[in-house]
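In this text the structure is predicted, and so the values were computed from the model without any measurement.
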Amino acid sequence: MKIVDRAAFEAALGEGAANESVKVWDQDDRKLARWINRLAEGYDIVLFQADPEWSEWTKRCVRQSESVLFVSGTDSPRATTAAEEELLSGASVEQRDYRLVLIHPNPAKDDPTGTDEWLDRRPGIARVHHVRHGRPEDYERLARHLTGAAVGLVLGGGGARGQAHLGAVEALQDCGVHIDAVGGTSAGGGIAALTAYGQPHAKSREMVREAFVKMAPFRAYSLPFHSLMRKGSVEAPAKFLGKNRLIEDLWIPFFCVSCDISTRKKEVHDRGRLWKALCATTALPGVLPPMVMRGKILVDGGVVDNIPIEPMRSVTRGPIIVVDVGARQEQLLDPTVLDLPVNSAVILSHVHPLLEPVAVPNLLTVVMSTMDLADKVRRRDEGDLEIRPEIGAYGITDFEAQNELVALGYNATIAALRGVVDEEGLRRLGTSRAQIERVIAEGKYPKRVPLEEGLLRQRDARLRRAFARSLGVLLVGLAVAGALMSAVAGGAP
């Protein structure tokens with residue numbers, strides 16, 4: 001990389017060259033063009049350092065650049081300078097790729113806040129990047145974004161199966177893979193938000209367990225007017241996961257996707273209140289209440305884009321990793337069932353001790369499977385690395401199976417990385433075959449213990465059902481025997 005400031009420019013082209021007007025094209029400008037071409041041939045990146053004021057040198061810097069960075073410390077005034085106002089007005093220069101870089105001087109301080117004010121004062125800025133002073137990984141992430149090498153992670157929808165995303169993220173980071181931007185739909189949007197926090201994996205798993213097992217939003221039934229579940233019970237987990245944060249205050253660039261049912265168009269959420277975006281992206285039609293934002297009625301993004309690769313292409317020109325937790329060739333119905341039974345028969349089979357529960361898909365499963373199928377029919381872009389955990393044995397409300405799902409996501413990710421035969425492809429992701437094999441040598445892969453725990457959990461559930469049936473049979477038998485004895489006793493002389 002070559003840094004060109006006013007002094008370096010004048011050293012190459014003569015004293016006072018930086019003050020010459022950019023409006024007049026003359027012999028000096030031809031000399032300048034040849035000099036810049038030589039720089040471009042010798043360096044991958046040429047960084048022009050402009051003046052703080054709107055000077056001829058600043059104009060020349062902007063004119064020669066593809067991207068314009070507004071760099072400031074978060075402890076500086078948020079008001080715009082005269083140079084910023086002139087540049088963003090569009091009156092003096094043509095439109096560029098404008099980005100805001102906020103330097104956080106104290107890495108140990110709280111998470112970013114007030115980014116919306118910085119952006120509101122600077123309309124036209126497309127992206128914001130948060131950089132913690134003293135954190136090389138943040139500067140490296142910024143560099144990858146500027147050079148088109150940033151790695152994007154896209155997480156698909158899938159209900160409780162989305163917990164496999166937690167294992168995928170853990171495996172990627174264990175192998176040193178860069179996650180420079182993250183986005184998703186429905187459950188994938190929620191896990192993407194937790195990833196954008198930059199917090200430990202254990203914390204993310206704990207938050208998911210709190211939000212969906214303890215708060216149990218899928219058990220909060222309501223009168224089915226606009227949804228089966230109560231609005232307040234659904235919003236509570238989203239507020240818990242969203243931490244009252246704004247999307248633009250996240251450390252890693254993030255977005256999630258919903259569908260505006262009024263316009264039938266995709267809505268990409270990359271600014272605004274995070275919990276509202278999470279409510280919108282997870283609002284399964286008919287099951288969870290729609291989210292109203294800015295006059296729009298928003299439902300689950302899986303309706304239009306269950307694996308939002310296209311929006312990620314606008315965030316980064318680098319490689320994109322996709323994690324698809326949609327089940328493939330899933331057995332939704334017992335093949336011996338010739339017709340769907342009435343609701344009362346299904347309920348009776350689950351509560352009657354002498355009957356085997358009828359395995360039929362519920363409303364939530366039908367809606368999720370339909371959206372997943374529609375997305376696979378529409379989708380053409382497969383991403384640069386596809387990870388598909390085998391999670392078909394788990395239901396879309398099986399949130400208690402977190403350990404098993406995380407293990408399946410982890411194992412599938414390591415297997416996918418091992419399957420990349422091109423070492424250059426691994427290098428673009430930030431890893432190498434040696435790093436992947438190191439993770440395996442450390443005993444992190446494959447994860448077996450959680451899967452064994454899952455088998456024990458399923459076995460215990462079967463034993464409990466068998467015990468309940470046996471107890472039911474015993475009680476019915478005792479009741480019948482008691483009735484017969486009473487009848488015999490009553491008929492005796």
Looking at [X], I'd like to know if its [atom1] atom is crowded, meaning that more than 12 non-hydrogen atoms belonging to other residues, nucleotides or ligands lie closer than 6.0 Å.
X      : atom1 : value
Gln64  : CD    : yes
Lys276 : NZ    : no
Ile297 : CD1   : no
Lys243 : NZ    : yes
Glu424 : CD    : yes
Glu84  : CD    : yes

Can you check whether [X] reaches [Y] side chain to side chain, under 4.5 Å on heavy atoms?
X      : Y      : value
Pro311 : His269 : no
Tyr394 : Glu400 : no
Thr74  : Pro105 : yes
Val213 : Gln402 : no
Lys265 : Val304 : no
Asp97  : Glu66  : no
Lys266 : Pro308 : no

Next on the checklist: Arg38 vs Glu41, test: salt bridge (Lys or Arg N to Asp or Glu O under 4.0 Å). Steps then yes/no.
Outcome noted: CA-CA 5 Å; Arg38 288 196 299 271; Glu41 291 172 359; over 6 Å; no
Do any N or O atoms from the side chain of [X] and from the backbone of [Y] form a donor-acceptor pair under 3.5 angstrom?
X      : Y      : result
Glu117 : Gly114 : no
Arg122 : Ala79  : yes
Arg273 : Asn244 : yes
Thr58  : Glu53  : yes
His165 : Gly156 : yes
Thr281 : Ser186 : yes
Ser65  : Val68  : no
Thr431 : Cys175 : yes
Thr185 : Asp305 : yes
Trp57  : Gln49  : yes

Answer with yes or no whether the side chains of [Y] and [X] bring together a donor and an acceptor at under 3.5 Å.
X      : Y      : result
Asp174 : Tyr410 : yes
His201 : Gln173 : yes
Asp249 : Thr115 : yes

Next on the checklist: Over 60° means perpendicular and under 30° means parallel, so tell me whether Trp251 and His130 are parallel, tilted or perpendicular.
Outcome noted: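 Because their plane-to-plane angle is over 60°, the rings of Trp251 and His130 count as perpendicular.
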Checklist entry - In terms of ring plane angle, is the pair Trp35 and Phe9 parallel, tilted or perpendicular, where the classes change at 30° and 60°? => result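 Perpendicular: the ring planes of Trp35 and Phe9 meet at over 60°.
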Within this structure, what is the [atom1]-[atom2] distance for the pair [X] and [Y], rounded to the nearest 0.5 Å?
X      : Y      : atom1 : atom2 : result
Leu166 : Leu405 : CG    : CG    : 9.5 Å
Leu155 : Ile191 : CG    : CD1   : 8.0 Å
Glu267 : Cys259 : CD    : SG    : 9.5 Å
Leu250 : Phe255 : CG    : CZ    : 13.0 Å
Asn106 : Arg132 : CG    : CZ    : 11.5 Å
Ile125 : Phe70  : CD1   : CZ    : 5.0 Å

Next on the checklist: Let's go through Tyr445 and Asn411 carefully: what are the C-alpha distance in whole Å and the side-chain angles of both, what is the deciding distance for side-chain contact (heavy atoms from CB on, under 4.5 Å) to 0.1 Å, and is it a yes or a no?
Outcome noted: CA-CA 6 Å; Tyr445 168 85; Asn411 292 344; 3.5 Å; yes
Checklist entry - Leu172 and side chain to side chain contact (heavy atoms under 4.5 Å, CB included): which partner among Ile321, Thr195, Leu429, Val151? => result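 That would be Ile321; it is the only one of Ile321, Thr195, Leu429, Val151 passing the side chain to side chain contact (heavy atoms under 4.5 Å, CB included) with Leu172.
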[X] with [Y]: basic N within carboxylate O range, under 4.0 Å:
X      : Y      : value
Asp260 : Lys296 : no
Asp120 : Arg78  : no
Glu442 : Arg438 : yes
Arg313 : Glu310 : no

So which atom in [X] and which in [Y] form the shortest heavy-atom distance, rounded to 0.1 Å?
X      : Y      : result
Gly159 : Ala187 : O-CB, 3.3 Å
Ala412 : Pro389 : CB-CA, 3.7 Å
Gly430 : His178 : CA-NE2, 3.3 Å
Gln163 : Val406 : O-CG2, 3.6 Å
Val234 : Pro289 : CG2-CD, 3.9 Å
Ala181 : Val315 : CB-CG1, 3.8 Å

Item to check | Partners passing salt bridge (charged side-chain N to carboxylate O under 4.0 Å, His left out) against Glu423 (at least two apart in sequence or in another chain) | outcome: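 So Glu423 forms a salt bridge (charged side-chain N to carboxylate O under 4.0 Å, His left out) with Arg433.
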Item to check | Check against side-chain contact (heavy atoms from CB on, under 4.5 Å), Tyr43 and Val4 | outcome: CA-CA 12 Å; Tyr43 298 93; Val4 179; over 6 Å; no
Checklist entry - How far apart are the C-alpha atoms of Leu146 and Ile45, what are their side-chain angles, what is the distance that settles it, and do they pass the side-chain contact (heavy atoms from CB on, under 4.5 Å) test? => result CA-CA 9 Å; Leu146 296 179; Ile45 302 173; over 6 Å; no
Checklist entry - Can you list the steps and then say if Arg418 with Ile414 is a side-chain contact (heavy atoms from CB on, under 4.5 Å)? => result CA-CA 6 Å; Arg418 295 185 81 187; Ile414 298 295; 4.1 Å; yes
Next on the checklist: Using the ring pair (Phe, Tyr, Trp, His ring centres under 6.0 Å) criterion, which residues pair with Trp118? Sequence neighbours excluded.
Outcome noted: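 Not a single residue meets the ring pair (Phe, Tyr, Trp, His ring centres under 6.0 Å) criterion with Trp118.
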